[in-house]
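Chain naming here is simple, since letters A, B, ... match the order of the sequence lines and numbering starts at 1 in each. All values below come from the heavy atoms of this structure, side chains included, with hydrogens, waters and symmetry mates left out.
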Amino acid sequence: MDIYSFEGLIKKALRECLQILEVSESVKVLLTKESFGDFTINIAFKLAKVFKKSPKLVADDLINCIKTDLIESISNVNGYINIKVSSKFYSEFVKSLLEKRENYFILENNGNSIQVEFVSANPTGPLHVGNGRGGIIGDTIARVLETRGCRVQREYYVNDAGSKMDLFAESVLYFYLKRFGIEKSLSDEGYKGEYIKDIADKIYEVFKDKFLNYDNDSVIEAFKNIGVFLLFGKVREETDDIKVLKQSTSFKIESILKTLKRFGVSFDNIFFESSLYEGVDVEVDPTLKLKEKLTKVLLDLLNKGYIYKSDGAYYFKATLFNDDKDRVLVRSTGEPTYTLTDIAYHIDKFNRGYSKVIDVWGQDHFGHVATMKALLKASNIDPDFLDVVLYQVVHLFEDGVEVMMSKHTGKFYTLSELINEVQKDAARFFFLMKSVDTHLNFDINLAKKQSVDNPVYYLQYTYARLHNIIEEAKKRGTVFDDIENVFTKASFNEVERVILNKIFYLNSVLDDISVDYSIHRIPNYALDLAENINHFYQNYPVLKEENVLNRTKRYLIVQVSLVALSFLFDLMGIEKKERM
RNA sequence: GCGCCUGUAGCUCAAUGGAUAGAGCAAUGGCCUCCGGAGCCAUUUAUAGGAGUUCAAUUCUCCUCAGGCGCGCCA
């Protein structure tokens, strides 16, 4: 028995009674405060207008409709329909949960195939702390959707083409040539971080003067590829250079993929932007040729009349689709913009057959959302196919002072360093706790402390001490009653009911999260539950309890709680500890 | 200037439009003949300001103020 069957019973009762289908379908059973009962329904307020009666009178009618032995009593408090559930309710719920274990919270496959794309940081430097937030958000959304019965694919979009990558390669080249005493000019926009020098040094160490007599285009291509391999950890095309590089293992900077793996984040698919540039050149019009994949997208828009030329550039009429301004898709130089490759990429996703695609972007990409939706619509794809989750910036504080982060100046805290110092679990939890809409102030000193201040230890402690009860019971050979007697001869007190009700309600919480992606509710839920469990632990000893029936009842609470906590730890990607 | 996000306790953050706005940290005072005191209990303090919609507003609408971000032939 679960929230769905329970809610279904109530819906059915109301449907038969009310004859109003839409209304009874929108009924939701809500968790309520213990002083009001176990669960509540507020549908009477909504129906008051329809029936032209006061909520209180409507509730009176509704109460008479609902008859099930899962409910012990049902009351009407000024329109609130408060439900106190029965022993049978707990009997069916607890037995069902203990039978299914963690799978109680994992729903059957619902046929939806969803892709979540996240991190997708440019492979032009190590990940910084802000990327960690995006990583956790995407990873957790994926985990939640999986529990809701969706098939989920996690994808990383690697921008290994485009002008940022050229700039990166030029920066490496600058330092490479310096090793030979050659001073080349580097634009102010160029990357100047230590790691750029490390890459140049590595190239020098492995390849010596090999690239000195390359022409500029060739050396830039080679350095792009080498850079992506060293920084990201994987390249689309394994050139001979990469094979040589693989023989030599020493390189100071941890690759992006490795950092993420240490962070508990992994991907099912890596999509390289450069793959959009595969194939042959195809004519768009007599003045322009692009690679076939991009041409196809552009021609489609062109044929629909959504493209015009201005000052030699190709503009998309985005303003026809609610965007602020028209957008350049091809520069006057004939080069495609990021906007064109990105819509080509999203059309590719659409063609792969997902029912929905979720992109996790930093807030600074906000302006790009309307553009992408406009392009989707112009390409005859429902804009709702794409959900974009924007997360606010991470501000880093060290010794009370904000640490500014920039790849260009080279001063930033890497995610890798952060994981080294505060452990994966604490870092994940810290990122997960805050709503994506709020700016996250990350206090490095506090995070480094690894002390009681960190709520993740509270959770792990709760799990460990509960688990210890199970261990002790085995060790001591503690005797328990038949659990059937718990439901027929005993009853759960308020503290115990709160715990059971909360756990019963977890599926409903997860449903909500899967719709609005409010993943911060998971750690908050977990902490709330842990608090209730610790209160129970403190006041109601299990093994010491002499009455065997009570002892068994409390032991059930421990078992149910352990299953729920275990599931939550797995969902958050945090290690559960049986001993601390 | 226009658009988006945010403004809740001393600090960091919660609260599907629902009943008396909750936690942690910090402060003060209590709990170990213990299944783990990394815990429990008690006390203190808050919805930026103003209108509106609603039976009901921290939540929705509008205005004001404050902070962040965006408004490229960058990605």
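In this structure, F6(A) and F504(A) have perpendicular ring planes: the angle between them is above 60°, well past the 30° mark. The aromatic rings of Y555(A) and F480(A) lie parallel to each other, with less than 30° between the two planes, well short of the 60° mark.
Pairing for C60(B) is with G52(B), a Watson-Crick or G-U wobble pair whose two hydrogen-bonding atom distances lie under 3.5 Å. Shown here, A66(B) forms a base pair with U6(B); the pair counts as Watson-Crick or G-U wobble because both key distances fall under 3.5 Å. When both pairing distances are held under 3.5 Å, G72(B) makes no Watson-Crick or G-U pair with any nucleotide shown. Remark: A14(B) base-pairs with no nucleotide in the shown strands. Criterion, Watson-Crick or G-U wobble with two distances under 3.5 Å. In this structure A27(B) sits in a base pair with U43(B), meeting the Watson-Crick or G-U test at under 3.5 Å.
Taking atom P on both C62(B) and G24(B), the two are 37 Å apart, rounded to the nearest angstrom.
At least one cation-pi condition fails for R554(A) and F536(A): the charged atom is not both under 6.0 angstrom from the six-membered ring centre and inside a 45 degree cone around its axis.
Ring stacking holds between H365(A) and A75(B), with the centres under 5.5 Å apart and the planes within 30 degrees of each other. Look at Y461(A) and the base of G39(B); the rings do not stack under the cut-offs of 5.5 Å between centres and 30° between planes.
Of the listed nucleotides (C34(B), A75(B), U20(B)), U20(B) has the atom at the smallest distance from the side chain of K33(A). Side-chain proximity of K49(A) to A19(B), G72(B), C55(B): nearest is C55(B). Distances were taken from every side-chain heavy atom of K434(A) (C-beta onward) to each of U16(B), C40(B), A14(B); the shortest belongs to A14(B). Closest to the side chain of Y458(A), from the set G39(B), C5(B), U12(B), is G39(B).
Residue-level contact check: A48(A) touches neither bases nor backbone, having no heavy atom under 4.0 Å from any strand.
Below the 3.5 angstrom threshold, one finds a donor paired with an acceptor across the side chain of Y80(A) and the base of G18(B).
Between the side chain of R148(A) and the backbone N or O of N507(A) there is at least one donor-acceptor pair closer than 3.5 Å.
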